[in-house]
Number of protein chains: 2
Amino acid sequence: MSRQVSHPPTIHKDIGDLSIPAEIAESLCSCGGIEGLIRGIPPDEVFEEMQSWYQACADPVRLKILSLLVVRPLCVCVLKAVMKMADSKLSYHLNILKRAGMIEGKQQGQYIIYRITPKAQRFMEKELEQYESEKIRDGY
Amino acid sequence: MSRQVSHPPTIHKDIGDLSIPAEIAESLCSCGGIEGLIRGIPPDEVFEEMQSWYQACADPVRLKILSLLVVRPLCVCVLKAVMKMADSKLSYHLNILKRAGMIEGKQQGQYIIYRITPKAQRFMEKELEQYESEKIRDGY
DNA sequence: AAAACATTTCAATTATAATTGAAATATTTT
DNA sequence: AAAATATTTCAATTATAATTGAAATGTTTT
């Protein structure tokens, strides 16, 4: 598409059987090479655990439910009235939040009242706050 | 399964055409009913925006990449060596992080060096810190 | 105990995301 | 300019998640 501009050749180093740009080589050596990088990050289980949390957050319906429950516990019937969706759909999303440890439901007579867990409460407050501050910064 | 225990009947109130438990009715009235709840939460676009961020985080491969880039920029070839996966797979995940605004790549000669964006940096530091503190609390 | 209500579960479908290997692009080296 | 290297793109497949409507469950009211 655009005219080709030839870059100055990148100086690179060989570490083991790996050739890398000099810029990276420096910081890589100072941390123990590839092995050092691997040692420096959490074990895979941590990422698995994190992903299941974010997975649960990765849906606008569920985020909306959480933001409602941040303020006060609510029964399914009220959530349904706010969310305007089929029972089974709502129930599906509630179940995902529950399995992720973000909400808990307790039966109260014929109703079930859901409340957000302390961990999810902390998380949502932090996150919503950030989105609020972005809103202000961007002038909405 | 377990023996049925009959609950005391739940006192409930009718608000509009909605019947809800007394416990909820109180807090619901004080905030302006269903309409008040709806008014109290951010507009849908906020949840859409949040979901795309968490969606990008909702994968262990991508979280691992981010946690590597939190410490220092890296070229694809080093990431490949650490992640031990096919080029095309790695590239796919890098692209998702890029589209979500979590990383940026700049070509440096024949290499491409990826760095985490300031917003993602802040996010990951906060999140990893929390997982660290959980690790300590749980005694691992 | 039958009817009504709140909620969940299930099975079928539809939609979205991830993986794979091959081909394409860009850059550098020879 | 041909060969080599780094990385991306593409098309096909596979896997996972979301939606839907009907049926089931548990609770309360009549």
Side-chain angles (χ1 to χ4, degrees), chain A residues 1-14 17-22 24 51-52 54-62 65 74-81 83-100 103 105-114, chain B residues 1-14 17-22 24 51-52 54-62 65 74-81 83-100 103 105-114:
Chain A
M1 254 116 258
S2 65
R3 197 151 60 88
Q4 304 288 1
V5 178
S6 110
H7 293 266
T10 309
I11 298 146
H12 65 269
K13 284 204 167 180
D14 291 1
D17 55 353
L18 189 67
S19 170
I20 60 177
I24 301 296
Q51 94 76 218
S52 67
Y54 299 126
Q55 183 84 282
C57 294
D59 184 290
V61 168
R62 297 196 287 268
I65 293 172
L74 291 172
C75 56
V76 178
C77 50
V78 170
L79 284 170
K80 191 174 124 188
M83 303 296 298
K84 298 179 176 65
M85 59 175 59
D87 299 0
S88 63
K89 186 172 173 178
L90 178 56
S91 198
Y92 168 77
H93 288 292
L94 287 172
N95 189 245
I96 285 180
L97 291 170
K98 193 164 65 176
R99 281 190 337 233
I103 65 174
K106 83 166 192 293
Q107 185 119 17
Q108 194 79 304
Q110 67 189 320
Y111 305 100
I112 296 177
I113 295 176
Y114 279 96
Chain B
M1 253 121 258
S2 66
R3 195 151 61 86
Q4 304 288 2
V5 177
S6 108
H7 294 267
T10 308
I11 299 146
H12 64 270
K13 286 205 168 180
D14 291 1
D17 57 352
L18 189 66
S19 170
I20 60 176
I24 301 297
Q51 95 76 218
S52 69
Y54 298 127
Q55 182 86 286
C57 294
D59 183 290
V61 167
R62 296 196 288 266
I65 293 172
L74 290 172
C75 57
V76 178
C77 51
V78 170
L79 284 169
K80 190 174 127 187
M83 303 295 297
K84 299 179 176 68
M85 60 175 58
D87 298 0
S88 62
K89 187 173 172 178
L90 178 56
S91 197
Y92 167 78
H93 288 291
L94 287 172
N95 189 244
I96 285 179
L97 290 171
K98 193 164 62 175
R99 282 190 336 234
I103 65 174
K106 83 166 192 294
Q107 186 120 16
Q108 193 80 304
Q110 68 189 319
Y111 305 101
I112 295 176
I113 295 177
Y114 279 97

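Computation of the quantities below employed the complete heavy-atom set of this structure, encompassing side-chain atoms and omitting hydrogens, waters and symmetry-equivalent molecules.
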When the distance from [atom1] of [X] to [atom2] of [N] is rounded to whole Å, what number comes out?
{"X": "B:Asp59", "N": "C:dT16", "atom1": "CG", "atom2": "P", "answer": "19 Å"}
{"X": "A:Asn95", "N": "D:dT20", "atom1": "CG", "atom2": "C1'", "answer": "17 Å"}
{"X": "A:Met85", "N": "D:dT20", "atom1": "CE", "atom2": "C1'", "answer": "13 Å"}
{"X": "B:Tyr54", "N": "C:dT16", "atom1": "OH", "atom2": "P", "answer": "22 Å"}
{"X": "A:Ile11", "N": "C:dT29", "atom1": "CD1", "atom2": "P", "answer": "10 Å"}
{"X": "B:Leu97", "N": "C:dA18", "atom1": "CG", "atom2": "P", "answer": "10 Å"}
{"X": "A:Lys98", "N": "C:dT8", "atom1": "NZ", "atom2": "P", "answer": "7 Å"}
{"X": "B:Gln108", "N": "C:dT27", "atom1": "CD", "atom2": "P", "answer": "12 Å"}

Quick check for you: among [options], whose closest atom lies nearest to any side-chain atom of [X]?
{"X": "B:Asp87", "options": "C:dA17, D:dT8, C:dT7", "result": "D:dT8"}
{"X": "B:His93", "options": "C:dA18, C:dA6, D:dT8", "result": "C:dA18"}
{"X": "B:Lys89", "options": "D:dT19, C:dT20, C:dA6", "result": "C:dT20"}
{"X": "B:Val76", "options": "D:dT8, C:dT27, C:dA18", "result": "D:dT8"}
{"X": "A:Tyr111", "options": "D:dT7, C:dT8, C:dT7", "result": "C:dT7"}
{"X": "A:Tyr92", "options": "D:dT19, C:dA18, D:dT7", "result": "D:dT19"}

Compare every heavy atom of A:Val76 with every heavy atom of A:Leu94, then report the nearest pair and how far apart it is.
CD1-CG2, 4.0 Å
Give the minimum heavy-atom separation between A:Ser19 and A:His12, together with the two atoms involved.
OG-CD2, 3.0 Å
Main-chain N/O of A:Ile112 paired with A:Gln107 side-chain donor or acceptor, under 3.5 Å:
no
Output yes when a side-chain donor or acceptor of A:Arg62 lies under 3.5 Å from a complementary backbone atom of A:Gln55, and no otherwise.
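Flag set: sc A:Arg62 to bb A:Gln55 pair under 3.5 Å.
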Closer than 4.0 Å, any side-chain N/O of B:Tyr114 to the OP1 or OP2 of D:dT8?
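Yes, such a contact exists.
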Look at B:Gln55 and C:dA17 and indicate whether a side-chain polar atom (N or O) is within less than 4.0 Å of OP1 or OP2.
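For C:dA17, OP1/OP2 do have a side-chain N/O of B:Gln55 under 4.0 Å.
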Starting from the 5' end of DNA chain C, give me the residue, A:His12 or A:Ile113, whose nearest nucleotide shows up first.
A:Ile113
First of B:Gln110 and B:Arg62 reached from the 5' end of DNA chain C, by closest nucleotide:
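Mapping each residue to its closest nucleotide by heavy atoms, the 5'-most match is B:Arg62.
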Judged by each residue's nearest nucleotide on DNA chain D, which is more toward the 5′ side, B:Ser88 or A:Ala58?
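The residue whose closest nucleotide sits nearer the 5' end is B:Ser88.
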Would you indicate whether the side-chain heavy atoms of B:Arg99 and B:Asn95 approach each other to under 4.5 Å?
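Heavy-atom side-chain distance check passes, below 4.5 Å.
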Considering every strand and a 4.0 Å limit on heavy-atom distances, what is the contact class for B:Leu90: base, sugar-phosphate, or nothing?
nothing
